[in-house]
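Note sheet for the following structure.
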Amino acid sequence: MKHIIFSPSCFNLLKTSLLAFSMSAFLPLSAQADVSNAEASGADVICGPDANSQRRLPGIANSDCIALEKDPENVKALPEKSSPTPRPVLLDYENKIIGFDDRWRIVELVGYEENLLDPYNRNVLKADRPLYDDWFFNISIVSDTFYENRRVPTPVGLQSSRNSGDLGVFGSSYQQALIENLLFEFVYYKGDTTFRPPDYEFRFIPVINYNATYLDEILGVNVDPADNTTRYEDFIGIQGLFVDKHLRNVSDNFDFDSLRVGIQPFNSDFRGFLFQDSPFGVRLFGNRSNNIFQYNLAWFRRLEKDINSGLNDVRRTLRDDDIFVANLYWQDMPVLGFFSQATIIHNRNGEEDNNRYDENGFIQRPASLGGERPKSYEVTYLGYNGDGHIGRLNLTVSAYQAIGTIRNDVFSQRDADINAQFFAAELSRDYSWARYRLSVMYGSGDSDPYDDVAEGFDAIFENPQFAGADTSYWMRQGVPLIAGGKVAISSRNGLLNSLRTSKEQGQSNFTNPGIRLLGAGADWDLLPELRVSFNVNRLWFDDTTVIEVARNQGDIDTHIGDDVSVAIIYRPFMSQNIVARASYAKLFAGQGYKDLFPDEDPHSLLLNLTLSY
């Protein structure tokens, strides 16, 4: 029995000649004749694709048929008589190169126009196509404007007071601030970065800052009382200036090693608890096992900062403050959807012989706490950080053990060992358009400032995105330790009660009262454009002994107060190009706060507008 396979339906071998005859009726007349002749000669006939491979044989159209003779080595193609045009065969393309436009330039053939003002459509300034070859350029511009109306404890000026009748230590707490940051980010890089890192990357991030501050008391904005109560400053800082070289790929999935040198942003953990800054450094980084593991090996040296803007001041020499980092991220560990990170960070500060006064004339190093005694230290942080979700629960966790030594500690005036702990966790769950959060935080405090062990935890340069972030009063405002030294209990944009002069120019201080926090919050996406956030934190000192010694005051309670804040975030285009935020925070003072400051509940109003291109 002869077999016919009809390709359009890809039937199995047909068993009967009657069915073969009915199928051949669908072929062109010339092809039917060839089939008949082939069958008459005793050969099997295949039309179009082979039934087993389901593929069209090379050079054979669906309407073509070939005869397979009884001799399997003798295969002849039947002539095609339904088309006068000869079909190309593979040999026609031998030693020939066919050019195709790449995926960026092919749209030019259809007349697609660019718009340099539109960051979402084709735009050469947003790296939508190469400048030439495979070199791209991207520019980002961000305007970030803040207005603050706040109540912060403020001392009466040492020489005199602006207000008549101010005979006590505390003056008017009313303050206002206007801050404008204009950020430019220029990126020039080589390589198709869709699935792999760039071969070369050059990045430059200048920031132009203008700030105006008004206080009711003199000697708050400047050490010179002639400067009265208002300060106007502008500054240009460099927050990024580095080159990134892709060293090699180590797998077919573009696992890689890269080297980055220069002023570069770096965050040591998921929420900025320990070290989030833009220092100068050298960083080797990459990933393995299809991005399951990521690593960093880095050395950084901190830059001096402008005290009023908080930006890097590249006009000054680098600080004698080194940070060595080694960390490893493990994706989907211990469960799917959760990142784990193990980290070791060593901070070596050698500024024992370095005195520093800021731009306003106030001393920053050494700290004016327990006497202005120069110090230096070496501290190693051993940490675990995790971030992700376990089922429907979102979880962030961070834990650090700090060990090291201090030379000439602030109160004991002798060497001391560092032994301090830190823990923070945030648990949340999403319900459709709402997220509810629980937060807990602990930073150990020092129970005896005169012994040879410093037990208060302090970070290198914290910027925590946690428990309400900068909408929280205690996190946003720097609260000074009035009549206890020229230091702050908590730094601006920080949570730790570290008794530092400032985050920007001061040194870490491991003789501090520590912190305990318990918080709850909620985020409600009422509209795609509108989010409302609410947060409440109860705050305590872990141990008030250090503050009692600094203030020469006994029986200071540990309860700082209840920090309540609410924020409204509006994005009119449902994107990050225009973001308006308004937040209000109030600290309902606890007994510990009342023991330190006048009996009032401080508060702050924050208005923020961010425009991005």
Side-chain angles (χ1 to χ4, degrees), residues 152-155 157-158 175 211 213 215 217 219-224 231 233 235 275 277 279 302-313 316 318-321 347 349-377 379 406-411 413 418 443 445-446 449 454 456-463 474-515 546-547 549-551 596:
V152 178
T154 306
L158 296 178
Q175 300 180 10
N211 59 87
T213 305
L215 275 66
E217 296 290 338
L219 295 172
V221 295
N222 198 289
V223 74
D224 185 355
R231 180 181 64 227
E233 294 288 341
F235 187 78
F275 179 53
D277 196 9
R302 296 180 64 188
L303 288 89
E304 292 284 8
K305 293 184 179 292
D306 174 69
I307 196 65
N308 297 315
S309 65
L311 301 176
N312 290 336
D313 189 349
R316 302 184 181 275
L318 296 174
R319 295 181 59 173
D320 190 5
D321 195 333
N347 183 202
N349 181 282
E351 296 175 316
E352 190 171 3
D353 299 323
N354 185 302
N355 294 336
R356 168 70 174 156
Y357 289 82
D358 65 28
E359 291 76 10
N360 303 320
F362 299 110
I363 190 167
Q364 293 288 331
R365 301 192 298 268
S368 182
L369 176 67
E372 295 172 1
R373 302 182 181 92
K375 71 172 183 178
S376 58
Y377 51 87
V379 57
I406 303 173
R407 291 176 291 277
N408 198 19
D409 199 13
V410 292
F411 288 102
Q413 303 181 48
I418 299 171
D446 196 336
F457 185 88
D458 196 8
I460 302 172
F461 193 90
E462 62 169 326
N463 187 23
W474 197 254
M475 192 178 306
R476 177 68 181 178
Q477 309 303 331
V479 180
L481 180 63
I482 300 173
K486 207 67 177 178
V487 296
I489 298 177
S490 63
S491 299
R492 186 170 174 84
N493 293 326
L495 267 174
L496 298 173
N497 298 323
S498 55
L499 302 186
R500 298 170 72 152
T501 51
S502 69
K503 280 194 324 180
E504 290 77 16
Q505 297 185 7
Q507 296 172 290
S508 297
N509 175 36
F510 300 93
T511 305
N512 65 61
I515 186 173
V546 174
I547 297 181
V549 170
R551 284 281 295 258
L596 294 171

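From a predicted model like this one, the values you see are computed outputs, not experimental measurements.
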Shortest non-hydrogen contact from [X] to [Y]?
X: K305; Y: N312; result: NZ-OD1, 2.6 Å
X: N509; Y: T511; result: ND2-O, 3.0 Å
X: Q175; Y: L215; result: CG-CG, 3.7 Å
X: I307; Y: S502; result: CD1-OG, 3.6 Å
X: V546; Y: P449; result: CG2-CB, 4.3 Å
X: L495; Y: E462; result: N-OE1, 3.2 Å

Quiz item: Any ion pair linking E372 and R365 (charged N to carboxylate O, less than 4.0 Å)?
Solution: no
Quiz item: Where do T501 and L369 land on the side chain to side chain contact (heavy atoms under 4.5 Å, CB included) test, with the steps shown first?
Solution: CA-CA 9 Å; T501 51; L369 176 67; over 6 Å; no
Exercise. Dump the intermediate steps for side chain to side chain contact (heavy atoms under 4.5 Å, CB included) on F235 and D313, then the final yes or no.
Key: CA-CA 9 Å; F235 187 78; D313 189 349; 3.7 Å; yes
Quiz prompt | Modelled atom types, side-chain donor and acceptor of D446 and N512, under 3.5 Å | solution = no
Quiz item: Looking only at side chains, do Q364 and R356 share a donor and an acceptor under 3.5 Å apart?
Solution: no
Quiz item: Within the side chain of D358, is there an N or O that forms a donor-acceptor pair under 3.5 Å with the backbone of F362?
Solution: yes
Quiz item: Short question: side chain of D277, backbone of P279 - any donor-acceptor pair under 3.5 Å?
Solution: no
Quiz item: Do S490 and S498 pass the side chain to side chain contact (heavy atoms under 4.5 Å, CB included) test, and can you show the C-alpha distance, the side-chain angles, and the key distance before you say yes or no?
Solution: CA-CA 6 Å; S490 63; S498 55; over 6 Å; no
Exercise. Please test I547 against L481 for side chain to side chain contact (heavy atoms under 4.5 Å, CB included), starting from the C-alpha separation and ending with a verdict.
Key: CA-CA 8 Å; I547 297 181; L481 180 63; 4.1 Å; yes
Quiz item: Listed by chain and number, what are the ring pair (Phe, Tyr, Trp, His ring centres under 6.0 Å) partners of Y377, not counting sequence neighbours?
Solution: F510
Taking side-chain hydrogen bond (donor to acceptor under 3.5 Å, both in side chains) as the definition, give me every residue that meets it alongside [X], ordered by chain and number, with sequence neighbours left out.
X: Q507; value: N349
X: D306; value: S309
X: N497; value: W474
X: R319; value: E351

Exercise. Scan for salt bridge (charged side-chain N to carboxylate O under 4.0 Å, His left out) pairs involving residues 493-509, sequence neighbours excluded, and state none if there are none.
Key: D458-R500
Quiz prompt | Test item: Q477 and R492 side chains (from C-beta on) under 4.5 Å apart, heavy atoms | solution = yes
